[in-house]
Amino acid sequence: ALLQQAEIAMYKVKQSGKNNYHIFMVDDAAAIERKRRIEFGLKEAILHNELYLLYQPKVKIVTGEIYGVEALLRWEHSILGLVSPVEFIPIAEESGMINEIGYWVLHEAVKQTKDWHNQGKLLSVAVNVSALQFDDPYFVKRVQNVLDLYELDERYLNIEITESVMKNTDYANKIIKELHDIGVGVAIDDFGTGYSSLSVLNNMFIDTVKIDKAFIDHVVSRKNTASLVKTIIEMSKSMNFKTVAEGIETIEQSSFLQQHNCEFGQGYYFSKPIKPDEVITLMNKDKP
Ligand code: C2E
Ligand code: CA
Ligand code: CA
Ligand code: CA
């Protein structure tokens with residue numbers, strides 16, 4: 001990919017001549033400088049209290065009832081401002097900081113969920129885990145330790161992994177089974193964007209399939225997407241997975257999914273990612 005980028009860069013240089021070459025170099029330098037700042041900034045982010053979590057409600061589509069949340073990481077850097085996880089997570093992975101950040105997220109999310117339970121709100125929490133975090137031989141042990149520390153019942157924690165974890169299928173499945181054995185659920189995130197098929201997942205200890213937003217975006221407007229999503233829901237059901245649709249933004253998308261028996265949903269139509277106390281407010285408002 002790097003070579004390809006270099007080739008594209010060379011092509012641009014050839015096309016644009018000398019003056020633009022200069023501009024290109026400046027842009028490139030700025031991008032490198034930003035990445036460097038992010039990498040160095042991340043090293044101090046935990047220490048400086050710059051990380052926090054927002055929680056996006058997950059609902060039962062039929063009733064709109066909130067049954068759980070997904071923890072989404074936020075980073076407010078003193079100079080760069082709010083940096084998106086889409087930008088900083090890959091840098092954290094590259095520079096070997098993802099494990100430390102990942103455990104910070106796990107602690108924070110489990111602590112918060114226990115807090116909700118103490119307030120009488122029995123929410124489940126989903127935590128995103130990068131493929132690299134599975135490489136830690138003590139991963140499952142550490143998850144167990146965090147649950148013990150905050151005395152949260154295992155059933156209320158879900159781990160969201162993407163298909164990239166499945167590159168090493170046998171090893172991934174061993175970890176997933178270990179999580180399953182201690183009572184923690186595992187969801188396949190962004191389903192449909194990777195290479196694995198539902199039949200592969202059938203032989204694994206997975207509980208939940210999350211249909212990627214890219215499909216939900218066109219579920220009403222494109223016939224092909226609609227039938228694809230219907231098939232995913234049916235197959236997922238037949239394999240006893242819970243099915244969650246992510247990125248639901250409109251009532252039309254929500255109705256489509258409800259009609260075709262997708263039980264759970266998440267998206268701006270229900271709620272954006274919000275602060276912990278806003279979750280409580282929203283749940284109380286929903287009550288008749
Ligand atoms: P994801 O796990 O697929 O999370 C869903 C993303 O879609 C979130 O973006 C969420 O805010 C956004 N989203 C949810 N509903 C809607 C909607 O209706 N419309 C639109 N336009 N967007 C919606 P966010 O929070 O920026 O996170 C982006 C990605 O960063 C996540 O994608 C996940 O892959 C990664 N990420 C976030 N937090 C963590 C973390 O704690 N650890 C790891 N490893 N990755 C994380
Ligand atoms: Ca996720
Ligand atoms: Ca997702
Ligand atoms: Ca996604």
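All of these numbers come straight from a predicted model, not from anything done at the bench. Both ligands and their constituent atoms are indexed starting at 1 by order of listing.
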(request) Can you sort out which atoms of ligand 1 are near S130, meaning under 4.0 Å from one of its heavy atoms? (result) 44 (N)
(request) Using distance alone, determine whether Q56 and ligand 1 share an N or O pair under 3.5 Å. (result) yes
(request) Classify the contact between L73 and ligand 1 as side chain, backbone, both or neither, using a heavy-atom distance cut-off of under 4.0 Å. (result) both
(request) Please examine the side chains of W116 and V69, heavy atoms only from C-beta on, and report whether any two atoms are closer than 4.5 Å. (result) yes
(message) Looking only at distances, can you tell me whether any N or O atom of S84, backbone or side chain, sits closer than 3.5 Å to an N or O atom of ligand 1?
(response) no
(request) Report the part of L53 in contact with ligand 1, treating N, CA, C, O as backbone and CB onward as side chain, heavy atoms under 4.0 Å; options are side chain, backbone, both, neither. (result) neither
(message) Distance check below 3.0 Å: does D189 bring an N, O or S atom to the Ca ion (ligand 2)?
(response) yes
(message) Could you measure the distance from the CG atom of L72 to the NZ atom of K272? Nearest 0.5 Å is fine.
(response) 13.0 Å
(message) So is E246 touching ligand 1 or not, going by heavy atoms under 4.0 Å?
(response) yes
(message) Could you check whether atom NZ of K114 has more than 12 heavy atoms from other residues, nucleotides or ligands sitting under 6.0 Å from it?
(response) yes
(message) Taking K174 first and then D170, would you say they form a salt bridge - that is, a charged N and a carboxylate O separated by under 4.0 Å?
(response) no
Donor-acceptor pairs under 3.5 Å, side chain of residues 132-143 to any protein atom, not counting sequence neighbours: which ones?
unit_1 : atom_1 : unit_2 : atom_2 : d
Q133   : OE1    : S130   : N      : 2.9
D136   : OD1    : Y138   : N      : 2.8
D136   : OD2    : Y103   : OH     : 2.5
D136   : OD2    : R142   : NH1    : 2.9

(message) Looking only at N, O or S atoms in E160, which is nearest to the Ca ion (ligand 2)?
(response) OE1
(request) Inspect the surroundings of OH in Y171 and state if more than 12 heavy atoms from other residues, nucleotides or ligands are less than 6.0 Å away. (result) yes
(request) Taking only Lys NZ, Arg NE, NH1 and NH2, and the carboxylate oxygens of Asp or Glu, determine whether R36 and E33 approach each other closer than 4.0 Å. (result) yes
(request) Within a distance under 4.0 Å of any heavy atom of D190, pick out the atoms of ligand 1 and give their elements. (result) 3 (O)
(message) Just verifying a value: how many Å separate F270 CZ and K58 NZ, rounded to the nearest 0.5 Å?
(response) 13.0 Å
(message) Could you tell me, atom by atom, which parts of ligand 1 come under 4.0 Å of a heavy atom of V105?
(response) 41 (O)
(message) Is it the case that ligand 1 has an N or O less than 3.5 angstrom from some N or O of R74?
(response) yes
(message) Using a 3.5 Å cut-off on N or O atoms only, is Y269 in polar contact with ligand 1?
(response) no
Please tabulate, for side-chain N and O atoms in residues 251-259, each donor-acceptor pair with protein atoms closer than 3.5 Å (sequence neighbours left out).
unit_1 : atom_1 : unit_2 : atom_2 : d
Q253   : OE1    : E249   : N      : 2.7
Q253   : OE1    : T250   : N      : 3.2
Q253   : NE2    : I216   : O      : 3.2
S255   : OG     : I251   : O      : 2.7

(message) Taking 4.0 Å as the limit for heavy-atom contacts, which would you say applies to Q266 with ligand 1: side chain only, backbone only, both, or neither?
(response) neither
(request) Confirm or rule out an N/O/S atom of E246, from backbone or side chain, lying less than 3.0 Å from the Ca ion (ligand 2). (result) no
(request) Please state which part of D189 comes within less than 4.0 Å of ligand 1, counting heavy atoms only: side chain, backbone, both or neither. (result) side chain
(request) Determine, for E94 against K35, whether the closest basic-nitrogen to carboxylate-oxygen distance falls under 4.0 angstrom. (result) yes
(request) Pick one of side chain, backbone, both or neither for how I89 approaches ligand 1, counting any non-hydrogen atom pair under 4.0 Å. (result) side chain
(message) Taking the six-membered ring for Trp, are F264 and Y67 closer than 6.0 Å centroid to centroid?
(response) yes
(message) Does the residue K213 have a heavy-atom contact with ligand 1, meaning some pair of atoms that are separated by less than 4.0 Å?
(response) yes
(request) Would you check the N or O atoms of E160, main chain and side chain alike, for any that come under 3.5 Å of an N or O of ligand 1? (result) no
(request) Under 4.0 Å from a heavy atom of G267: give me the atoms of ligand 1 that qualify, with their elements. (result) 15 (N), 18 (O)
(request) Could you tell me whether some N/O pair between V129 and ligand 1 is separated by less than 3.5 angstrom? (result) no
(request) Examine the proximity of ligand 1 to E70 and report which part, side chain or backbone, both or neither, has a heavy atom under 4.0 Å away. (result) side chain
(message) Which atom name would you report as the N, O or S atom of E70 nearest the Ca ion (ligand 2)?
(response) OE2
(request) Determine, for E263 against K60, whether the closest basic-nitrogen to carboxylate-oxygen distance falls under 4.0 angstrom. (result) no
